[in-house]
2 protein chains.
Amino acid sequence: MHYTRDNMAGLLRSHDINPTHQRIEIAHALFSRQEHLSADQVMAIVNTRHSETSKATVYNTLKLFLEKGLVREVIVDPSKVFFDPNTGPHHHLYEVDTGKLSDIDAAHVQISGLPPLPPGMVTEGIDLIVRVRRKA
Amino acid sequence: MHYTRDNMAGLLRSHDINPTHQRIEIAHALFSRQEHLSADQVMAIVNTRHSETSKATVYNTLKLFLEKGLVREVIVDPSKVFFDPNTGPHHHLYEVDTGKLSDIDAAHVQISGLPPLPPGMVTEGIDLIVRVRRKA
DNA sequence: CACCAATCTGGACTTTGTCTAATTTCCGGA
DNA sequence: TCCGGAAATTAGACAAAGTCCAGATTGGTG
Ligand SMILES: [Mn+2]
Ligand SMILES: [Mn+2]
Ligand SMILES: [Zn+2]
Ligand SMILES: [Zn+2]
């Protein structure tokens with residue numbers, strides 16, 4: 001699957017998001033790379049050629065994408081949030097030295113024996129993060 | 001098990017940490033409560049009666065405790081790190097609305113089917129976070 | 001007491017993220 | 001085409017978490 005700028009408009013519309021120029025650029029940054037990006041990285045990518053998207057818009061847009069379920073948030077690094085264009089069920093492998101973050105398909109992973117939830121609560125998600133480090 | 005200030009000195013020594021007044025207070029804040037505390041919360045607790053520990057010392061000390069394996073870091077909230085006096089194997093339940101964080105004993109939880117690690121890497125830890133929300 | 005190393009401190013600084021009031025863009029109706 | 005208003009974008013001020021550093025304090029040893 002190729003993610004072109006032209007595709008983006010449809011993708012945004014299908015998630016009930018009005019496709020503006022900035023939103024298309026931000027979606028394109030995420031989906032064409034299929035990588036985990038921080039707001040800062042999105043900002044840098046979108047403004048490489050010439051500055052055209054403000055910091056406020058980058059943050060607003062990423063939050064909008066999140067609310068609309070177009071992207072997912074990954075919290076592994078205490079200093080910044082990563083945004084993940086992959087919303088399918090998957091887990092993460094985090095290389096603590098380098099900060100590199102990669103996906104682990106949830107299909108083959110099984111988690112069992114979790115205690116029952118407190119009453120009146122529903123699971124919003126289960127995050128599994130494997131933290132790895134280069135062998136000493 | 002009761003965690004008194006007097007106990008703390010021994011606990012610190014057993015982790016190769018020179019027990020100073022500030023370090024004892026900070027350890028006591030964490031261990032007497034057995035709760036997940038942010039740096040800010042530790043700061044507030046330690047300085048309730050009268051200000052006696054600086055922000056720099058709180059951060060330095062928590063980092064030292066972390067390095068020495070006396071506490072563990074829990075990253076669930078993008079805005080702040082929590083410090084966990086429980087270093088035994090366990091997972092976390094996070095109530096996203098309230099920010100309440102509680103432990104899930106790892107004894108009965110089983111995680112299987114994880115892919116092999118990239119060569120030359122070792123697992124530093126596996127964090128499992130169950131994010132829950134009050135039912136709509 | 002004098003010395004030295006370890007520790008602690010205030011406060012400046014950085015980074016990530018939020019907020020707001022003003023401007024720009026977009027679109028539908030006259 | 002022109003107009004009015006809603007939606008979106010913007011610059012920049014602001015806030016909060018965390019880092020850093022140079023100087024002061026502490027506590028033990030000779
Ligand atoms: Mn462009
Ligand atoms: Mn005290
Ligand atoms: Zn991912
Ligand atoms: Zn815990």
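Just the heavy atoms: all of them, side chains too, but no hydrogens, waters or symmetry mates, feed the values below. Chain letters run A, B, ... following the sequence lines, proteins first, then strands; residues in each count from 1.
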Visitor: Show the nearest heavy-atom pair for residues A/Thr87 and A/Gly69, with the distance to one decimal.
Guide: CG2-O, 3.7 Å

Visitor: Taking NZ, NE, NH1 and NH2 as the nitrogens, is one of them in B/Lys68 or B/Asp16 under 4.0 Å from a carboxylate oxygen of the other?
Guide: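 Here B/Lys68 pairs with B/Asp16 in a salt bridge, since their nearest N and O are under 4.0 Å apart.
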
Visitor: Between the base of C/dG17 and the side chain of A/Lys55, is there any donor-acceptor pair under 3.5 Å?
Guide: yes

Visitor: Rounding to an integer number of Å, can you tell me how far A/Leu62 CG sits from D/dT9 C1'?
Guide: 15 Å

Visitor: Which nucleotide sits closest to the side chain of A/Lys63: D/dT10, C/dT18, D/dC21?
Guide: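 Selected nucleotide: C/dT18.
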
Visitor: Contact list please: residues 72-86 of chain A against DNA chain C, heavy atoms, distance less than 4.0 Å, in numerical order.
Guide: A/Ser79, A/Lys80, A/Val81

Visitor: Identify all side-chain donor-acceptor contacts of residues 72-82 of chain A below 3.5 Å with residues at least two apart in sequence or on another chain.
Guide:
unit_1: A/Arg72; atom_1: NH1; unit_2: A/His90; atom_2: O; d: 3.4
unit_1: A/Arg72; atom_1: NH2; unit_2: A/Gly88; atom_2: O; d: 3.2
unit_1: A/Arg72; atom_1: NH2; unit_2: A/His90; atom_2: O; d: 3.4
unit_1: A/Asp77; atom_1: OD1; unit_2: A/Ser79; atom_2: N; d: 2.6
unit_1: A/Asp77; atom_1: OD1; unit_2: A/Ser79; atom_2: OG; d: 2.8
unit_1: A/Asp77; atom_1: OD2; unit_2: A/Tyr94; atom_2: OH; d: 3.4

Visitor: It should be established whether B/Thr57 places a side-chain nitrogen or oxygen under 4.0 Å from OP1 or OP2 of nucleotide C/dT9.
Guide: yes

Visitor: Kindly give the heavy-atom pair with the smallest separation between A/Gln22 and A/Glu52, and that separation in Å.
Guide: NE2-O, 4.0 Å

Visitor: What is the separation between atom CG on A/Leu37 and atom C1' on C/dG17, rounded to the nearest whole Å?
Guide: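 Going from A/Leu37 (CG) to C/dG17 (C1'), I get 17 Å.
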
Visitor: A/Met43 CE to C/dT18 P: how many Å, rounded?
Guide: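 Checked: the CE to P distance equals 14 Å.
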
Visitor: With a 4.0 Å cutoff (strictly under), does any side-chain N or O of B/Tyr59 reach OP1 or OP2 of D/dG18?
Guide: yes

Visitor: What is the distance, to the nearest angstrom, from the NE2 atom on A/His21 to the P atom on C/dC26?
Guide: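 Roughly 10 Å, once rounded to whole Å.
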
Visitor: If you measure from CG on A/Leu62 to CZ on A/Phe83, what distance do you get to the nearest 0.5 Å?
Guide: 4.5 Å

Visitor: Are side-chain N/O atoms of B/Asp103 and B/His91 paired as donor and acceptor at under 3.5 Å?
Guide: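 Side chains of B/Asp103 and B/His91: no pair found under 3.5 Å.
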
Visitor: With the side chain of A/Thr53 defined as its heavy atoms from C-beta on, choose the nearest nucleotide among D/dT10, C/dG17, D/dT19.
Guide: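 Closest nucleotide among those given: D/dT10.
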
Visitor: When you check the phosphate oxygens OP1 and OP2 of D/dT26, does a side-chain N or O of B/Gln22 lie under 4.0 Å from one of them?
Guide: no

Visitor: Under 4.0 angstrom, heavy atoms only, what part of the nucleic acid is A/Thr20 near: base, sugar-phosphate, or nothing?
Guide: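 It contacts sugar-phosphate atoms only.
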
Visitor: Which whole-number value in Å describes the distance from A/Asp16 CG to D/dA8 P?
Guide: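 Computing the A/Asp16:CG to D/dA8:P distance gives 11 Å.
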
Visitor: Send over the distance from A/Ile17 CD1 to D/dA8 C1', rounded to a whole Å.
Guide: 14 Å

Visitor: Categorize A/Ser38 for me: base, sugar-phosphate, or nothing, with a 4.0 angstrom heavy-atom threshold over every strand shown.
Guide: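 Contact class for A/Ser38: none.
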
Visitor: If I take atom CG in residue B/Leu64 and atom P in nucleotide C/dT7, what distance separates them, rounded to the nearest angstrom?
Guide: 8 Å

Visitor: Please report, rounded to the nearest Å, how far the P atom of D/dC21 is from the CG atom of B/Asn60.
Guide: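 For the pair B/Asn60 CG and D/dC21 P, the rounded distance is 12 Å.
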
Visitor: Determine the minimum heavy-atom distance between B/Leu114 and B/Ile126, stating which atoms define it.
Guide: CD1-CD1, 3.8 Å

Visitor: Can you see if the side chain of A/Asn18 gets near the phosphate of D/dA8 - specifically, an N or O under 4.0 Å from OP1 or OP2?
Guide: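 For D/dA8, OP1 or OP2 has a side-chain N or O of A/Asn18 closer than 4.0 Å.
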
